[in-house]
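Have a look at the structure below, then the notes.
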Amino acid sequence: SEGLKAFSPISRVNCTTDNSTIQLYPNPGSDNFVVSSNNEIGLIEVIDMMGQVIYTAETSLNQINIDASEWLPGVYTVKVGQRTIRFIKQ
């Protein structure tokens, strides 16, 4: 159809800065997602569309599984240290 475009879904988002690579997958996701890094993650926060921090954790691990099953569908900001990644909850 004219004017319609098809896009393939994004399955993984990579953010590379300061010799650190942050990965968030699956994205978009539904019940849970994984944030992983080649370094220690440290502080992680998830912020909803209203600007409220709905999840926070601090870990010395390089991977964390986050349960998003109770969240409403929408776009969330995932902050890992000073880096931000958008997560789409379906």
Side-chain angles (χ1 to χ4, degrees):
S1 294
E2 192 173 311
L4 296 178
K5 295 183 176 157
F7 296 96
S8 62
I10 298 168
S11 61
R12 183 179 303 248
V13 176
N14 294 335
C15 176
T16 304
T17 58
D18 302 332
N19 297 323
S20 294
T21 299
I22 307 292
Q23 297 181 337
L24 188 152
Y25 57 89
N27 194 12
S30 56
D31 290 339
N32 60 55
F33 62 96
V34 175
V35 176
S36 66
S37 175
N38 60 332
N39 293 320
E40 178 181 315
I41 290 175
L43 180 64
I44 184 167
E45 294 180 322
V46 179
I47 302 160
D48 68 12
M49 296 164 282
M50 301 299 290
Q52 300 295 312
V53 176
I54 60 165
Y55 177 90
T56 184
E58 192 161 351
T59 180
S60 60
L61 302 175
N62 64 350
Q63 181 170 305
I64 189 168
N65 187 32
I66 298 175
D67 180 6
S69 61
E70 300 293 321
W71 303 352
L72 295 174
V75 179
Y76 294 83
T77 301
V78 179
K79 289 183 69 176
V80 181
Q82 297 300 313
R83 299 170 196 89
T84 59
I85 302 172
R86 299 280 185 211
F87 170 67
I88 301 169
K89 164 78 159 82
Q90 296 181 320

Subject >> ILVMFWY network linking L24 to I47, side-chain heavy atoms under 4.5 angstrom >> reply: no
**OP:** Could you identify which residues cluster with M50, counting Ile, Leu, Val, Met, Phe, Trp and Tyr as linked when any side-chain heavy atoms lie under 4.5 Å apart, either directly or through a chain of such contacts?
**Re:** none
Subject >> Residues in side-chain contact (heavy atoms from CB on, under 4.5 Å) contact with S30, at least two apart in sequence or another chain >> reply: none
Donor-acceptor pairs are to be reported for all side-chain atoms of residues 53-67 against protein atoms at under 3.5 Å, with residues two or more places apart or in another chain.
residue, atom, partner, partner atom, Å
T59, OG1, L61, N, 3.0
D67, OD1, S69, N, 2.9
D67, OD1, S69, OG, 2.7

Original post:
Would you say the ring centroid of F87 lies under 6.0 angstrom from that of F33?
Top reply: yes
**OP:** Would you check if T21 and Q23 make a side-chain contact, meaning some heavy-atom pair closer than 4.5 Å?
**Re:** yes
Original post:
What pair of heavy atoms forms the shortest contact from N32 to P26, and how long is it?
Top reply: O-CD, 4.0 Å
Original post:
T84 and K79: which non-hydrogen atoms are nearest, and at how many Å?
Top reply: CG2-CG, 3.6 Å
Original post:
Going by heavy atoms in the side chains, are Y76 and I88 under 4.5 Å from each other?
Top reply: no
**OP:** Using the side chain to side chain contact (heavy atoms under 4.5 Å, CB included) rule, take V46 and W71 through it: C-alpha gap first, then chi angles, then the decisive distance, then the call.
**Re:** CA-CA 11 Å; V46 179; W71 303 352; 3.6 Å; yes
Original post:
Does some side-chain heavy atom of R86 sit less than 4.5 Å from a side-chain heavy atom of T77?
Top reply: yes
Original post:
Any side-chain heavy-atom pair from Q90 and P28 closer than 4.5 angstrom?
Top reply: yes
Original post:
How many angstroms lie between CG in L43 and CD in Q82, if you round to the nearest 0.5 Å?
Top reply: 9.5 Å
